[in-house]
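As a basis for the values below, the full set of heavy atoms in this structure was taken, side chains included, without hydrogen atoms, waters or symmetry mates. Quick caveat, the model's predicted, so the values are computed rather than measured.
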Amino acid sequence: MRVLVVEDEPLMAAAIRDGLRLEAIAADLAGDGDTALELLSINSYDIAVLDRDVPGPSGDEIAKSIVASGTGTPILMLTAADRLDDKASGFELGADDYLTKPFELRELVLRLRALDRRRSLNRPPVRELAGLRLDPFRREVYRDGRYVALTRKQFAVLEVLVAAEGGVVSAEELLERAWDENADPFTNAVRITVSALRKRLGEPWIISTVLGVGYRIDTTSDSEGGSGDRG
């Protein structure tokens, strides 16, 4: 299990990290909201442990960002705010669990493991197609056994294409499913993202353009029709 711990008290943060390490739980530390958001944009975490009162974007703002990202990362709020109203507002923001300070490390470990078990039951299946292996839960992609680093948008587009199992997906559908509702229907974002995605996945090109229709994962051995970067 890998967790992000957002805690601005250095001694407490270090104690949590070291205690979790003894329980085979890896923890990255963030002492402020900006660092937390940066780490969340780079890494995939099984759980986020948030102190609500941290410098920069607050724990509440971080929670909102996690929920809006659609990653499904569980949130455990670990905070001194122990009134019932505080807990209620935390759950309304998207928290999956709430632990008040002071606390026993053992209880934190038990709660983390319970959240991880719960998430494991709802993990989407790993998809494999034409040499691609896409793990939606860990947000990892492999091509012929080689790890491919993708941006969140590239991953979202590839996830839609792989789910179609070789069927054609229109640019309009990709825009609807991989972008938000405010996306400009006349944008070139889909074409640009697909072009970048092809390059990330490498040759032979595996994403084919069906002119005037859309895009598909080429399941043929020679990847015919997928060699260009045309939109």
Just how far is it from atom [atom1] of [X] to atom [atom2] of [Y], taken to the nearest 0.5 Å?
| X | Y | atom1 | atom2 | value |
| --- | --- | --- | --- | --- |
| Asn43 | Arg139 | CG | CZ | 13.5 Å |
| Ile47 | Leu115 | CD1 | CG | 4.5 Å |
| Glu165 | Thr219 | CD | OG1 | 10.0 Å |
| Leu99 | Asp82 | CG | CG | 11.0 Å |
| Leu108 | Leu20 | CG | CG | 5.5 Å |
| Met12 | Phe103 | CE | CZ | 5.5 Å |

Connected via hydrophobic side-chain network under 4.5 Å: [X] and [Y]:
| X | Y | value |
| --- | --- | --- |
| Ile206 | Leu150 | yes |
| Val213 | Val190 | no |
| Ile25 | Leu110 | no |
| Ile16 | Leu29 | yes |
| Val168 | Leu129 | no |

Under 3.5 Å: donor-acceptor pair, side chain of [X], backbone of [Y]:
| X | Y | answer |
| --- | --- | --- |
| Arg52 | Asp86 | yes |
| Arg143 | Val148 | no |
| Arg21 | Ala27 | no |
| Arg17 | Val5 | no |
| Asp96 | Ile75 | yes |
| Thr79 | Ala81 | yes |
| Glu107 | Glu104 | no |
| Glu7 | Glu9 | yes |

Any side-chain heavy atom of [X] within less than 4.5 Å of one from [Y]?
| X | Y | result |
| --- | --- | --- |
| Asp53 | Ser58 | no |
| Val210 | Tyr215 | no |
| Glu140 | Ser44 | no |
| Leu37 | Ser65 | yes |
| Val157 | Val194 | yes |
| Leu4 | Leu40 | yes |
| Arg118 | Pro74 | no |

Regarding [X] and [Y], does a basic nitrogen lie under 4.0 Å from an acidic carboxylate oxygen?
| X | Y | value |
| --- | --- | --- |
| Asp46 | Arg2 | no |
| Glu23 | Arg113 | yes |
| Lys101 | Asp51 | yes |

Specify the closest pair of heavy atoms between [X] and [Y], including all atoms of both residues, with the distance to one decimal.
| X | Y | value |
| --- | --- | --- |
| Leu201 | Arg146 | O-NH2, 2.7 Å |
| Val160 | Val169 | CG1-CG1, 4.0 Å |
| Val6 | Asp32 | CG1-O, 4.5 Å |
| Ala36 | Ile62 | CB-CD1, 3.8 Å |
| Tyr98 | Arg111 | O-NH1, 3.5 Å |
| Ile66 | Thr73 | CG2-O, 3.6 Å |

For [X] and [Y], which I'm curious about, is there any donor-acceptor pair between the side chains at under 3.5 Å?
| X | Y | value |
| --- | --- | --- |
| Arg200 | Ser195 | no |
| Ser208 | Asp218 | yes |
| Tyr45 | Asp28 | yes |
| Ser89 | Arg83 | no |

task: Evaluate side chain to side chain contact (heavy atoms under 4.5 Å, CB included) for Arg216 paired with Ile207, printing each intermediate quantity in order.
output: CA-CA 6 Å; Arg216 66 183 178 88; Ile207 301 177; over 6 Å; no
- request: Decide side chain to side chain contact (heavy atoms under 4.5 Å, CB included) for Thr193 and Gln154; before the verdict, give the C-alpha distance in whole Å, the side-chain angles of both, and the deciding distance to 0.1 Å.
  value: CA-CA 6 Å; Thr193 301; Gln154 290 166 356; 4.0 Å; yes
- request: For Asp18, look at atom CG and say whether over 12 heavy atoms of other residues, nucleotides or ligands are found less than 6.0 Å away.
  value: yes
- prompt: If you draw a 6.0 Å radius around CD in Glu128, do more than 12 non-hydrogen atoms from other residues or ligands fall strictly inside?
  reply: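 More than 12 within 6.0 Å, yes.
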task: Could you please spell out the steps behind the side chain to side chain contact (heavy atoms under 4.5 Å, CB included) verdict for Asp97 and Met77?
output: CA-CA 6 Å; Asp97 202 354; Met77 288 189 167; over 6 Å; no
task: Evaluate the criterion side chain to side chain contact (heavy atoms under 4.5 Å, CB included) for residue pair Leu197 and Leu158; output intermediate values, then yes/no.
output: CA-CA 8 Å; Leu197 181 56; Leu158 184 62; 3.9 Å; yes
